[in-house]
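If you're wondering where the values come from, they're calculated on a predicted model, not measured in any experiment.
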Amino acid sequence: MTVDQPEMRLSDAERQEALDALSEHVRTGRIDLVEFDERSQKVSTAKFRKDLEALFSDLPEPQPSVLRTVRRLPPQQPHQPQPVQRASAPPMTWQQRVASSAVPIAAIIAAILFFTAARGVIFIFALPAIVALLVGSLGNRRRRRF
């Protein structure tokens, strides 16, 4: 484990975070109370980030965030947008095209019939819903056969 900026001074919040991490290790049984007392005294007197490194080198997570190394990314060229790769949908079959256009066509026919036929026939607008139900049930039957 290599500390990022080992000569950087610790803040009170970073020391408290280290003490909290040690407390968690006591709760999980990784260190006993005597060892916790020794390590917590060293944490309380630590001045630099590197001072915490030896206290946590034999312990897994949780560890203070100052001990987590920052992975440096290699310098990049000026920002250039990356092309977005989209998954292409398989081409639609002629049956799918007819089914997807059936409801809008039925709606147009219903509107034409409403304005040209007798005005009291409001049930003409149920035509698109009926077509949608028929097309949906036919599509489900085709899928079940395979």
Side-chain angles (χ1 to χ4, degrees), residues 1-115 122-146:
M1 166 180 14
T2 304
V3 179
D4 189 37
Q5 299 177 339
E7 298 298 322
M8 182 76 68
R9 287 188 162 268
L10 288 171
S11 69
D12 289 338
E14 290 167 335
R15 282 189 204 89
Q16 184 59 49
E17 182 184 8
L19 290 171
D20 292 342
L22 284 176
S23 297
E24 181 62 28
H25 289 299
V26 169
R27 279 192 286 276
T28 57
R30 288 191 181 94
I31 60 175
D32 59 17
L33 289 176
V34 174
E35 191 172 4
F36 170 75
D37 187 45
E38 292 170 359
R39 290 185 189 213
S40 61
Q41 286 177 3
K42 290 178 183 177
V43 166
S44 298
T45 59
K47 293 193 189 308
F48 302 102
R49 291 179 174 184
K50 66 180 180 180
D51 298 337
L52 295 181
E53 192 171 12
L55 300 174
F56 286 90
S57 63
D58 62 337
L59 295 172
E61 288 293 327
Q63 293 200 349
S65 60
V66 296
L67 294 181
R68 295 186 190 113
T69 58
V70 177
R71 293 183 184 168
R72 305 262 184 228
L73 297 176
Q76 295 182 349
Q77 300 291 331
H79 180 67
Q80 296 174 354
Q82 299 295 324
V84 177
Q85 295 182 1
R86 295 187 178 117
S88 60
M92 291 175 64
T93 63
W94 69 271
Q95 294 98 340
Q96 291 171 325
R97 289 182 184 174
V98 168
S100 65
S101 61
V103 175
I105 291 171
I108 293 169
I109 292 172
I112 292 171
L113 288 175
F114 179 76
F115 289 112
I122 192 89
F123 297 110
I124 292 175
F125 286 108
L127 181 65
I130 294 168
V131 170
L133 290 172
L134 288 174
V135 169
S137 66
L138 291 175
N140 286 339
R141 283 188 191 157
R142 277 193 218 118
R143 282 188 229 138
R144 288 183 197 150
R145 288 182 188 163
F146 295 158

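- Rounding to the nearest 0.5 Å places CD1 of I31 at 6.0 Å from CG of L59.
- In this structure, F56 and A21 approach most closely via the heavy-atom pair CE2-CB, 3.8 Å.
- Residue R9 comes nearest to E14 through the heavy atom pair O-OE1, 3.9 Å, listed as atom of the first residue, atom of the second, then distance.
- The shortest heavy-atom contact between V26 and F36 is CG2-CB, 3.4 Å.
- Expressed to the nearest 0.5 Å, how far CG of L22 lies from CD of E35 amounts to 9.0 Å.
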Inset, instruction - Determine, step by step, whether R27 and E24 satisfy the salt bridge (charged side-chain N to carboxylate O under 4.0 Å, His left out) criterion, reporting the C-alpha distance in whole Å, the side-chain angles of both residues, the deciding distance to 0.1 Å, and the verdict. - result: CA-CA 5 Å; R27 279 192 286 276; E24 181 62 28; 3.1 Å; yes
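- In summary, the side chains of D12 and Q16 do not present any donor paired with an acceptor at a separation below 3.5 Å, with no hydrogens or angles considered.
- Separation of atoms OG (S57) and CD (Q63) is listed at 8.5 Å; rounding is to 0.5 Å.
- Once rounded to the nearest 0.5 Å, the distance linking CG of L33 with CG of D37 reads 8.5 Å.
- To the nearest 0.5 Å, atom CZ of residue R49 and atom OG of residue S65 are 8.0 Å apart.
- Distance check, rounded to the nearest 0.5 Å: CG of L55 to CD of E38 gives 10.5 Å.
- Between the side chain of R30 and the backbone N or O of H25, no donor-acceptor pair lies under 3.5 Å.
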